[in-house]
Amino acid sequence: MAFSKGLGLLCFVFIIHLAGVYLFTNGFLLTRLSLPDFTSCSDDSCTLRPTHQRAILLIVDALRFDFIAPDPPIPASPFHHNILTLPRELTAAKPRNSFLFNAYSDPPTATLQRIKALTTGSLPTFVDIGNNFGGSSIAEDSIIKQLGIAGRKTAFMGDDTWMSVFPDSWNRSFPYDSFNVEDLHTVDEGVIEHLFPLMQDPTKPFDFLIGHFLGVDHVGHRVGPDHPSMKNKLQQMNRVLTQVVEHLDDDTLLVVLGDHGMDRTGDHGGDGTLETSSALWVYSKSTEISIGPSTIPSGLLQFTTFPNSPHSHRQIQQIDIVPTLSLLLGLPIPFNNLGTVIPELFWRDEDGIGLSKALQINVEQVKSYLHAYRSSSSGGELDDSWEKLNSAYTATQAENLAFEKRLMAMSNYTRVALAACRSIWAQFNPFLMGLGLTLLALGIVATCAAYSGLAVSGDNWDDWLAAQLMNYVRGAAVGSVMGLLVYLGLGESGYLPGMDALDCILFFSPFVASIAMIAISPPPLLTSLKNTPISLVLHALSFLSNSFTFWEDHLVPFLLISSITPFALKGFTAPSSRLRWRILGFATLFAVCVRLISTSTVCREEQGAYCHVTFYASSSLPEPPTLVLYFIVPSCLLLPFAITAFLRVSKSHVGLAKIFLPGILMPGLLAGSAHWLMEWVDSTGILGSEWTAILRSTRTWFVRSSFAWVMGIGGFVWWSIPLCLDIIESSTSSETKQKRRQVTVIGYANAFGSSYLLFYMIFFAAVYITTQLTGQLILAFSAVALLAYLEVLDSIRDVRAMDEALSASRPSALLKDAPPQRSPPLRFTDIIPVALLGLHAFYGTGHQSTISSIQWKSAFLLTPTMQITLSGITVVLNSVGPVALAGLAVPLVALWNRSPAATQEQTKPVKVDTQIQGESILACLGMMIYFATLLLGTAVSAAILRRHLMVWKVFAPRFMLAVVETVVVDVGLLVGFGVGVQRVSGAVRGVFGK
């Protein structure tokens with residue numbers, strides 16, 4: 001019954017966390033409303049005379065602006081600067097036919113969101129990035145839809161993401177798999193194969209052709225922009241564009257662009273300058289589409305300077321291509337568009353009549369969209385901006401306005417509309433956010449109440465929990481009914497904005513249950529305040545500062561060392577020299593491992609010159625440092641021996657440990673490292689391209705085999721014989737010549753902890769396999785640090801036991817033959833180092849609370865192409881695996897070096913596993929409290945600072961990371977207690993009795 005009761009309590013707290021996160025997220029991460037309207041006019045009032053009959057839109061995925069810039073940054077990279085030179089050469093030679101722009105790509109800078117923006121002219125929202133791996137079709141108006149309405153023929157080739165958003169819109173289509181980032185050429189070669197035959201076909205089988213190249217993006221993800229492969233790929237793109245220009249006819253407009261940029265390591269997804277700076281090149285072979293920008297009013301043109309570039313360049317919003325391209329082809333502007341026509345492409349005479357007409361159509365289209373949006377169910381979002389929008393529109397209609405000022409007024413109106421919509425799609429529902437925060441805060445207090453009640457009950461926790469669980473369930477049932485009644489009474493009256501019946505139930509059910517938990521065992525206020533660890537409070541409060549948030553990777557090791565310092569200081573006053581040396585020695589080892597983990601870093605953009613990348617060979621070369629290549633194999637061999645050495649302290653290196661560590665763990669670690677070594681060999685091209693296929697298939701099977709060996713065989717062996725014990729039987733003879741049978745149990749002192757450690761190492765190996773080489777070294781250091789801390793904690797317990805015995809005038813308890821006494825109870829401060837160690841390992845394995853730090857290489861471990869389920873699992877293990885391991889590790893705080901000796905509490909016998917079961921629940925609750933408090937801190941900061949300039953750059957990503965961390969820790973705790981602790985306890989009881 002301990003299993004069902006303890007697991008039930010942990011599941012109950014987990015549900016409270018999920019409900020609070022759900023409500024807060026629904027109020028914080030809102031999506032925009034897509035209107036189904038589309039632009040149409042029967043009198044051509046919404047179109048212009050086309051300048052071209054056809055258009056070719058070539059998307060070079062992740063083509064950053066400086067890759068084609070006429071004045072690249074200083075110093076120029078030999079791998080991606082001054083290589084793709086055709087656009088700047090033609091722009092210099094034909095300034096009326098060729099135009100280069102630095103196009104701002106709105107975040108999130110993921111391909112699916114950019115495709116939506118490039119075809120509709122609308123803005124993606126932050127939460128939309130979750131759809132990047134399974135996009136749904138675009139229902140709103142778009143240039144593709146307008147082409148279909150006009151009866152134009154469309155053709156597509158390349159990235160198959162287009163097929164998911166426009167599944168039935170093509171006359172000809174040639175899609176290719178887009179998520180195999182290790183394949184640098186197949187998609188590009190497929191585009192080339194179909195592009196030129198269509199261009200050379202005299203029947204002109206297309207009016208609008210899209211070709212989406214992926215090679216540049218894949219090179220960036222795999223080896224970064226500063227790599228010979230990037231130079232080769234850009235040279236290929238330069239050759240392709242040269243051929244395209246040669247075959248381009250006079251009636252076809254060429255548009256080449258990058259959907260987004262890439263950061264220094266080749267990744268993207270966030271809102272850094274390098275990620276949002278994309279290239280845009282517009283070229284007309286014979287037809288001049290502008291008389292030049294020199295006479296265009298300067299107020300219509302914006303310029304920006306790319307980082308480290310010697311000169312500024314013309315900047316536009318990337319969505320500006322939508323209204324521009326639509327009008328150049330004689331099409332209406334898509335209804336939801338918020339872009340502004342590009343002035344240079346309509347400045348065809350000194351009077352600027354063409355630009356004036358284009359801006360008038362643009363203004364009326366934006367105005368129609370805003371009025372339709374205001375009339376929709378989400379129209380209230382525009383209330384705060386409506387007066388400003390009306391004022392800006394009125395300025396465009398003013399009489400006796402000078403021509404140049406009218407142009408600027410019209411351009412200003414579209415930009416004001418864009419700014420207003422950018423702000424409203426960051427609109428929040430404070431009511432739902434408040435409910436979510438209430439539930440998260442109340443859940444923490446309720447968990448503290450359960451923790452307090454269990455701690456006070458001691459070895460009678462089982463009876464206490466049995467009496468309380470039904471009260472929790474009754475409270476949840478009452479809350480569900482209350483929530484439904486509240487919705488029926490107030491929901492239809494508008495008093496519950498943004499809530500439906502399910503939301504009300506999800507709030508009131510855990511709310512009432514939490515009240516019940518607090519009422520049943522209210523934690524003593526003064527004691528709770530006194531025992532609240534200052535490190536947890538400081539950690540949670542730090543999220544109110546953007547500086548502390550993006551320097552959290554430096555804050556965590558400080559808090560980690562601070563959390564173990566009181567234990568180390570205890571070593572100086574321990575009552576025996578053995579304990580003093582153990583505490584100080586293992587604490588020093590722990591501190592050394594923490595420092596070694598700190599040597600591995602990846603940098604956020606905000607950290608600037610104060611941070612240096614050490615996880616990779618350099619900030620622009622995502623390869624392991626040379627030293628890592630030398631140390632990785634020895635670390636795989638040494639880690640199992642290091643674990644054996646720790647187990648040898650309690651003589652628990654026997655039994656299963658003798659088989660598992662060298663026979664299961666070591667081969668799994670070696671196979672995982674072998675995969676990443678082969679990936680490095682492949683990406684650097686040491687063996688040449690002819691080895692690529694062999695290396696790809698070999699390393700895939702290495703990973704599959706290692707997962708099967710560790711998770712399958714290792715899990716089966718552990719479940720079958722989990723204990724690390726050796727039992728030796730012998731006989732002795734007394735003076736009366738009577739033989740007595742003697743049984744010696746080797747590993748008895750750590751019977752629980754040693755077995756659970758092997759269970760933990762199964763999951764450790766799974767995370768290790770998915771982690772890149774530098775991260776594998778960091779995980780090895782974190783494992784040693786964990787074991788060192790457990791030995792420190794064991795010695796501290798011995799000190800506490802001696803102090804209690806002496807203070808209670810029971811010095812006989814210190815004697816060797818004294819009856820077994822209850823081990824000193826678990827304290828909340830015992831849990832904190834494990835939680836912080838998990839966070840420290842997260843940062844040390846090459847991660848930050850930014851989207852761009854996700855290591856997408858890990859998605860292709862088990863399969864050479866993207867497979868949603870398997871790729872998702874390996875990416876999650878790679879990203880937050882170290883944090884999940886902290887959740888799995890925390891029961892060791894209760895189990896380590898706890899012997900299965902039964903004790904006598906007053907007149908009631910206590911089972912051999914009573915204390916470790918109860919304290920395992922306490923350890924799990926303590927870990928839940930820690931991460932839930934961090935979650936609350938990030939949620940409060942995101943709510944309070946929701947209008948802060950850096951909300952989507954700093955506070956929102958950290959909140960989302962806290963959500964994921966809390967969920968994976970809770971799941972890890974459920975698995976650790978529900979499977980690991982129960983199997984170990986059952987096996988120990990089977991050997992040593994009930």
Side-chain angles (χ1 to χ4, degrees), residues 451-452 454-461 524 527-528 530-536 562-590 646 649-650 748-753 786-835 890-905 910 912-923 925-927:
Y451 183 96
S452 175
L454 278 171
V456 171
S457 62
D459 287 339
N460 296 317
W461 65 266
T527 303
S528 299
K530 180 181 177 181
N531 294 332
T532 301
I534 189 65
S535 60
L536 175 56
S562 300
S563 68
I564 201 174
T565 298
F567 297 153
L569 293 176
K570 199 78 171 178
F572 290 102
T573 60
S576 71
S577 60
R578 174 182 172 275
L579 288 176
R580 287 194 293 271
W581 282 109
R582 275 177 55 82
I583 294 173
L584 294 175
F586 284 118
T588 301
L589 177 60
F590 178 85
F646 277 99
V649 174
S650 57
Y748 175 82
N750 196 18
F752 294 108
L786 173 65
L787 292 171
Y789 170 68
L790 293 175
E791 290 296 333
V792 170
L793 183 60
D794 175 53
S795 298
I796 292 294
R797 284 201 186 108
D798 290 343
V799 174
R800 292 171 184 168
M802 289 182 174
D803 291 343
E804 289 177 4
L806 292 172
S807 63
S809 300
R810 290 186 293 107
S812 59
L814 302 177
L815 299 177
K816 180 178 179 181
D817 297 327
Q821 301 294 322
R822 192 179 196 275
S823 177
L826 179 77
R827 298 182 183 181
F828 185 78
T829 52
D830 299 344
I831 300 161
I832 294 177
V834 180
V890 81
L892 283 169
V893 174
L895 273 59
W896 194 254
N897 279 344
R898 292 280 180 83
S899 62
T903 61
Q904 187 81 14
E905 290 288 331
V910 179
V912 296
D913 65 335
T914 295
Q915 183 176 5
I916 68 101
Q917 286 271 5
E919 294 200 352
S920 293
I921 300 174
L922 282 177
L925 289 175
M927 186 67 89

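This one's a predicted model, so the numbers in the text were calculated from it and none came from an experiment. Residue numbers count from 1 along this sequence.
- Using a 30° and 60° split on the angle between ring planes, Y451 and F828 fall in the perpendicular class, above 60°.
- Contact between G753 and W896 at its shortest, heavy atoms only, is O-CZ3, 3.8 Å.
- Looking only at side-chain heavy atoms (C-beta outward), I831 and L826 come within less than 4.5 Å of each other.
- With rounding to the nearest 0.5 angstrom, the CZ atom of R800 is 6.5 Å from the CG atom of L793.
- For the atom pair CD1 of I916 and CZ of F752, the computed distance is 4.5 Å after rounding to the nearest 0.5 Å.
- Looking only at side-chain heavy atoms (C-beta outward), V799 and P575 come within less than 4.5 Å of each other.
- Here CZ of F572 is found 5.0 Å from CG of L584. Values are rounded to the nearest 0.5 Å.
- Note that OG of S457 and CG of L922 are 7.5 Å apart. Values are rounded to the nearest 0.5 Å.
- Residues satisfying the side chain to side chain donor-acceptor pair (under 3.5 Å) criterion with S795, sequence neighbours excluded, are R582.
- Residues R797 and N897 have side chains not in contact (no heavy-atom distance under 4.5 Å, counting atoms from C-beta outward).
- The backbone N or O of D830 lies less than 3.5 Å from a partner atom in the side chain of Y789, making a donor-acceptor pair.
- With 3.5 Å as the limit, one finds no donor-acceptor pair spanning the side chains of E919 and W461.
- Contact annotation: the side chain of L892 never approaches that of V834 to less than 4.5 Å [non-hydrogen atoms, C-beta and beyond].
- A side chain to side chain donor-acceptor pair (under 3.5 Å) check over residues 570-580, counting only residues at least two apart or in different chains, returns nothing.
- Contact record, L579 with A574: CB-CB, 3.9 Å, taken as the closest heavy-atom pair.
- Residues F586 and D794 are not in side-chain contact: their nearest non-hydrogen atoms beyond the backbone lie 4.5 Å or more apart.
- Heavy-atom minimum distance, V792 versus A587: CG2-N, 3.4 Å.
- With rounding to the nearest 0.5 Å, the separation of CG in L589 from CZ in F646 is 5.0 Å.
- Interatomic distance, I832 CD1 to I564 CD1, rounded to the nearest 0.5 Å: 12.0 Å.
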